[in-house]
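Just so it is clear, the values below take in all heavy atoms, side chains as well, and ignore hydrogens, waters and symmetry mates.
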Amino acid sequence: MRVGGEDGFVLAFVVFMLFAISVAGITGYLVVSSEFELSKYSSQGAEALAVSRAGLERFVAEHIGTVPDTTVFALGNGVATVTTRRLFAQDSLTDVYYVRSDGAVDDIFTPGSPARRAVGGYAVHHRRPLAHHATVLIAADNIDVDNGGEVHGWDYNSASDCPGGNADDITGAIARVSVSEGSSNDIEGSPESEIWSGGWTEMTDSVGLRWDVLSDPDFPVDHVNSLPDFGAIPPDSFPVIRYTGWVYANFTGRGVLIVDGVFDPSPSFSWDGIVLAEDVDDIIQGYIDGILVAGFEGPNMYSTVDFRTDVNYHSCEVYGANESLSYLELLPNTVFEVN
Amino acid sequence: MVANRGFTLVETLIALVLSSFVIVLVSHAFLVQNRFYSTQTQRTAAQDNVRASTELIAREVRTAMEEGIVVAGARTLTVRSPIAVTVVCARSGSAKDVFLDGGEGALDTDEVGGVAHRDPATRDWIPVNTTWAAIDGSGNAAANCAANGADTVGGSGSFHRLAGLNPLFGPPPGEGDVVMLFRETTFKIQPSILDPSTLGIFRAAYGESLVEFATGVDTTAQFQYRTVGGGYADTVSAASLASVDAVRLVADARKPAPTGGVEDITFGWSVNVPLRLAR
């Protein structure tokens with residue numbers, strides 16, 4: 001029945017057109033969805049592999065100190081879970097570890113079932129990387145020990161009351177041209193002193209540490225330009241602390257003190273452990289139980305360094321601090337995709 | 001009451017003409033859509049076929065070990081890729097106790113085509129073909145490794161004994177040395193068994209027969225190889241295999257057209273795989 005101006009053909013036409021559009025839509029969906037699924041799973045798998053690989057490399061590159069069992073990184077759209085297992089003690093200073101990184105990438109299309117890929121690799125853990133060449137090793141032309149200062153390479157921890165205690169005596173002081181003392185007992189060691197005319201490169205090559213890494217502002221250390229509350233941390237904890245610029249050191253502490261600049265200790269400075277500095281002031285004061293190494297980026301800014309302080313080799317303090325510097329080195333040709 | 005009137009003859013004729021026109025139009029659209037649907041279904045199948053197969057090849061090629069391309073021909077590719085990389089954590093006579101992530105259960109032992117020793121001095125891999133049965137040993141590997149400093153807690157099943165390695169290498173692997181179990185896979189492009197009018201892609205593990213896993217491949221299909229400092233070539237001589245740093249698989253798909261079609265359905269496809277892991 002037609003009423004008023006209604007026209008029934010319009011409805012029929014719309015129905016037919018809807019049908020045609022539906023067929024076209026379904027066809028398009030079938031074609032596109034297959035392609036979409038393939039490319040999605042392919043790209044997510046590749047992304048998960050990249051995440052796992054990045055996790056492994058980041059862990060090895062950034063790790064310092066004791067090797068943790070599990071570390072989790074958020075990387076891009078995914079998460080990398082890095083696990084480690086010690087496999088072999090090569091010697092007292094190096095272990096071999098298996099490092100595995102599981103990468104997972106999730107998105108809104110695959111909730112709860114992320115793409116997963118894993119890579120594994122092997123790394124050597126340098127447990128105490130700093131070589132004990134000398135109590136004081138500075139790439140300066142001259143080291144003078146006088147005015148009440150003493151530099152001793154004898155182990156001041158004569159008892160085996162700590163790991164690494166009662167170690168062999170080491171050289172007292174090493175410089176590029178000369179090492180002199182005010183009186184005959186100011187410098188002790190085995191031998192008392194050495195001259196490394198090869199300069200700072202010989203020193204940095206032999207010291208066993210990557211200064212470019214340790215001084216990199218992006219490299220994570222325990223504290224930057226500040227000291228921890230030493231009373232609140234365990235007595236056997238040796239934190240890694242990095243200062244930058246000209247550092248007038250008038251504090252007391254322990255651990256590894258990294259000075260990316262000029263280390264200028266005051267008479268009240270006291271440190272147990274290791275001090276690493278790009279440069280040192282021409283007058284060293286205070287007190288160090290451990291090892292001082294300086295001149296990492298070139299000959300020391302002062303050609304003569306005058307020691308008016310006591311720097312005594314203390315194997316226990318060096319041992320503890322050195323463990324805080326331990327790092328992993330990936331064995332080349334060992335990274336593989338875990339099936 | 002409104003008076004009811006029937007359709008006039010003119011109205012009826014106009015309605016019939018218009019209805020016929022619409023029905024013809026829609027029918028034609030339906031047929032076109034149906035043919036389009038069939039064509040696209042065929043095209044999708046062809047795409048799925050070559051994409052899935054090239055993904056499988058790409059995964060194995062991508063993980064090739066250093067100097068892992070063994071044969072590089074236009075239609076034959078043999079590649080070695082790591083199944084597991086291990087460290088010798090203890091020795092017991094000529095047997096080597098190693099760490100295998102997940103243990104033997106996680107290992108596809110049928111795929112093992114050889115073992116390689118990483119030269120501690122040069123860091124180069126020294127590969128030797130063998131089978132899992134020839135090197136599978138037995139013994140308490142975890143206890144021996146633990147004695148050498150290995151952390152076996154919660155993972156004793158991941159330590160395994162490998163036997164018979166000494167005769168395979170000049171200086172045999174020592175403690176702390178890295179050893180790799182690898183697969184050696186051959187891919188071939190040759191006439192399909194399932195559809196003889198096209199080519200197929202075949203795969204064979206070391207010592208095994210070829211198995212067809214993709215069909216409907218066009219005659220243009222081939223492998224190409226990029227060498228360091230050079231371009232792509234479809235064949236690389238044995239002397240230059242070490243310089244291969246990328247493999248490209250060109251695998252166009254071809255299928256007969258659906259009913260009513262004249263030309264075959266083709267799908268051009270290639271995948272480029274840089275060699276990047278275990279190097």
Side-chain angles (χ1 to χ4, degrees), chain A residues 1-3 7-9 12-13 15-17 19-28 30-35 37-39 41-42 45-46 49 53 67 69 83-92 94-98 100 117-122 124 331-339, chain B residues 2 4 7 15 18-19 22-23 25-26 29-30 33-34 36-37 40-41 43-45 47-48 51-52 55 59 62-63 65-66 81-90 98-99 101-102 106-108 111 118 123-125 145 148-152 155 158-159 175-176 178 180 276-279:
Chain A
M1 182 180 74
R2 296 168 64 205
V3 179
D7 189 342
F9 288 118
F13 184 73
V15 170
F16 278 123
M17 288 309 295
F19 174 72
I21 291 169
S22 300
V23 170
I26 292 169
T27 305
L30 286 173
V31 173
V32 173
S33 65
S34 171
E35 190 75 5
E37 291 289 309
L38 274 171
S39 63
Y41 290 128
S42 174
L49 179 63
R53 181 72 190 248
V67 181
D69 291 336
T83 52
T84 63
R85 181 180 290 275
R86 190 179 64 206
L87 298 181
F88 184 62
Q90 213 156 31
D91 53 44
S92 62
T94 48
D95 296 327
V96 177
Y97 273 77
Y98 175 62
R100 174 181 167 132
R117 302 288 275 276
V119 295
Y122 293 86
V124 170
L331 286 172
N333 297 348
T334 64
V335 177
F336 68 107
E337 186 174 350
V338 179
N339 294 294
Chain B
V2 178
N4 291 326
F7 293 113
L18 289 177
S19 299
V22 170
I23 288 170
L25 193 68
V26 170
F30 178 78
Q33 292 289 348
N34 187 47
F36 180 67
Y37 177 83
Q40 291 304 324
T41 303
R43 190 183 299 279
T44 303
Q47 290 182 9
D48 287 353
R51 289 191 64 157
E55 273 298 314
R59 179 162 182 172
R62 188 181 294 120
T63 61
M65 58 188 283
E66 189 172 35
S81 55
I83 296 176
V85 180
T86 75
V87 160
V88 177
C89 46
V98 302
F99 174 78
D101 191 1
L107 197 68
D108 195 353
E111 288 278 311
R118 177 178 171 273
R123 298 172 174 176
D124 292 334
W125 288 108
C145 288
N148 280 350
D151 174 12
T152 60
S158 289
F159 292 85
E175 289 179 344
V178 185
M180 176 197 294
R276 61 188 186 194
L277 283 176
R279 298 179 71 84

Checklist entry - Of all heavy-atom pairs between B:Thr86 and A:Tyr122, which one has the smallest distance, and what is that distance? => result CA-OH, 3.2 Å
Item to check | Residue pair A:Asn333 / B:Trp125: nearest heavy atoms and the distance that separates them | outcome: O-CZ2, 2.8 Å
Item to check | Test salt bridge (charged side-chain N to carboxylate O under 4.0 Å, His left out) applied to B:Arg59 and A:Glu337, step by step | outcome: CA-CA 10 Å; B:Arg59 179 162 182 172; A:Glu337 186 174 350; 3.1 Å; yes
Checklist entry - Is there a donor-acceptor pair closer than 3.5 Å between any side-chain N or O of A:Tyr98 and the backbone N or O of B:Val87? => result no
Checklist entry - Looking at B:Asp101 and A:Arg100, what are the two nearest heavy atoms and their distance? => result OD2-NH1, 2.6 Å
Next on the checklist: Could you go through B:Val88 and A:Phe88, starting from their C-alpha distance and side-chain angles, then the distance that decides it, and tell me whether this counts as side-chain contact (heavy atoms from CB on, under 4.5 Å)?
Outcome noted: CA-CA 8 Å; B:Val88 177; A:Phe88 184 62; over 6 Å; no
Next on the checklist: So which atom in B:Arg123 and which in A:Pro332 form the shortest heavy-atom distance, rounded to 0.1 Å?
Outcome noted: NH1-CG, 3.4 Å
Checklist outcome for this item: Sorted by chain and residue number, the side-chain hydrogen bond (donor to acceptor under 3.5 Å, both in side chains) partners of A:Thr94 (sequence neighbours excluded) come out as A:Asp91
Item to check | From B:Asp151 atom CG to A:Asp69 atom CG, the distance as rounded to the nearest 0.5 Å | outcome: 7.0 Å
Item to check | Toward chain A, the part of B:Arg118 with a non-hydrogen atom under 4.5 Å | outcome: side chain
Next on the checklist: Once rounded to the nearest 0.5 Å, what's the spacing between atom CZ of A:Phe19 and atom CZ of B:Phe30?
Outcome noted: 5.0 Å
Checklist outcome for this item: For A:Phe336 and B:Ala84, the nearest pair of non-hydrogen atoms, with its separation, is CE1-CA, 3.7 Å
Next on the checklist: Suppose we screen for side-chain hydrogen bond (donor to acceptor under 3.5 Å, both in side chains). Which residues come up paired with B:Glu111, at least two apart in sequence or across chains?
Outcome noted: B:Arg183, B:Arg203
Next on the checklist: At a 4.5 Å cut-off on heavy atoms, which part of B:Ser158 comes close to chain A: side chain, backbone, both, or neither?
Outcome noted: neither
Checklist entry - Given a strict heavy-atom distance threshold of 4.5 Å, which part of B:Val178 is in contact with chain A: side chain, backbone, both, or neither? => result side chain
Item to check | Flag, side chain of A:Arg86 to backbone of B:Gly149, donor-acceptor distance under 3.5 Å | outcome: yes
